[in-house]
Protein chains: 2
Amino acid sequence: MAPLPVFVTPRCPVRTTLELVGGKWRLLVLHQLGAGPLRFGELRRALPGISEKMLVQELRLLTDAGLTQRHNYGEVPPRVEYELTDTGRAALPLVAAAADFGQHYLSTLQGEGPPADQPQ
Amino acid sequence: MAPLPVFVTPRCPVRTTLELVGGKWRLLVLHQLGAGPLRFGELRRALPGISEKMLVQELRLLTDAGLTQRHNYGEVPPRVEYELTDTGRAALPLVAAAADFGQHYLSTLQGEGPPADQPQ
DNA sequence: GGTAGTACTAACATTTAAGTAAGAAATGGC
DNA sequence: GCCATTTCTTACTTAAATGTTAGTACTACC
């Protein structure tokens, strides 16, 4: 994954994608935002297990990379919304493909354990 | 990513996918094998920068997870081929989506540096 | 006999990702 | 005055991923 500031090696498209949305959380963040803008806290609650530090960090990186946009309403207590940019929406087919494959894979593990959750 | 042996949390499909094909190399391995079976050494040469240790490790993990198949011809010098299983082929749309998004993203960085490589 | 190729394995080191915990600023409600 | 809420920062620690180096077994070739 890319360190800050975002630098993408202008080489293999697959590697570029991995640098942008690799890691444990970024695809899940994009998936959540695919349904519409969300506040920071809504996003945190929608991603069980993520720490505030990671969410801040990943949102900043996605925003720096141009996949998300930050709206600060300047209110107190703070109110900040995040939403996908056009570039971020261009990643939604990737998110969908990841969800599809995961679902397919889980379905091949016939009957071991409970069925899959909804994507987070 | 999953430690060996492969264990997939039967939960979110996106997380499942990340555990299976997350990391720096697995999508690239699948992409290579998408075009047909390859020998270990061919795969290594097709993935500049990968170490033998990583390639062995990732191939074993993909094979344990059922995405690839290993054929040992039992010859000397050794001759081993890897190819996708049906489950592995089910991941090819994900690889394609990753390549598409990477290409799209690189095209939005208009004119900075040389054009993208072919996917590896 | 020495060298090269092949597909590995093992021990170790380094780098990167992720997690934990505490706190800050500003306001509203009690 | 005290506590809660919200978004975010900082310092620190742990865990995981990846890299490096060396070595193995067997054969072919010069």
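Just so you know, these numbers use all the heavy atoms, side chains as well, and skip hydrogens, waters and symmetry mates. What you see is a predicted model, and the numbers here were worked out from it, not measured in a lab. To find a chain, count down the sequence lines: A is the first, B the second, and so on, and within it residues start at 1.
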Nearest-angstrom distance from the residue atom [atom1] of [X] to [atom2] of [N]:
| X | N | atom1 | atom2 | result |
| --- | --- | --- | --- | --- |
| L43(A) | dT6(D) | CG | P | 14 Å |
| M54(A) | dG19(C) | CE | P | 6 Å |
| Q57(B) | dA10(C) | CD | C1' | 13 Å |
| E19(B) | dA17(C) | CD | P | 18 Å |
| L18(A) | dA17(C) | CG | P | 12 Å |
| L61(A) | dA18(C) | CG | C1' | 14 Å |
| F40(A) | dT7(D) | CZ | C1' | 6 Å |
| L55(A) | dA18(C) | CG | P | 13 Å |

Counterpart residues, side-chain hydrogen bond (donor to acceptor under 3.5 Å, both in side chains), relative to S51(A) (two or more places apart) =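 side-chain hydrogen bond (donor to acceptor under 3.5 Å, both in side chains) list for S51(A), sorted by chain: empty.
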Mind checking Y73(A) for me? I need base, sugar-phosphate or nothing, with any heavy atom below 4.0 Å counting as a touch.
->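 Here Y73(A) touches no strand at all.
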Respond yes when some side-chain nitrogen or oxygen of R44(B) is under 4.0 Å from OP1 or OP2 of dT6(C), and no when none is.
-> no
Partner set under side chain to side chain contact (heavy atoms under 4.5 Å, CB included) for [X], not counting sequence neighbours:
| X | result |
| --- | --- |
| E81(A) | P37(A), R39(A), H71(A), Y73(A), R79(A) |
| R45(B) | E42(B) |
| A97(B) | L94(A), A97(A) |

Between protein and nucleotides 21-30 of chain C, map the contacts as a letter string: B base, S sugar-phosphate only, - none, heavy atoms under 4.0 Å, written 5' to 3'.
-> -----BS---
With the side chain defined as heavy atoms from C-beta on, R39(A) is closest, among dT7(D), dC8(C), dT6(C), to dT7(D)
Could you name each residue pair satisfying side-chain hydrogen bond (donor to acceptor under 3.5 Å, both in side chains) that touches residues 87-98 of chain A, not counting sequence neighbours?
-> D86(A)-R89(A)
Using a 4.5 Å cut-off on heavy atoms from C-beta on, say whether the side chain of R26(A) contacts that of L62(A).
-> yes
N/O donor-acceptor pair under 3.5 Å between T17(A) side chain and A98(B) backbone | yes
Heavy-atom nearest nucleotide on DNA chain C taken for V56(B) and for S51(A); more 5' hit belongs to V56(B)
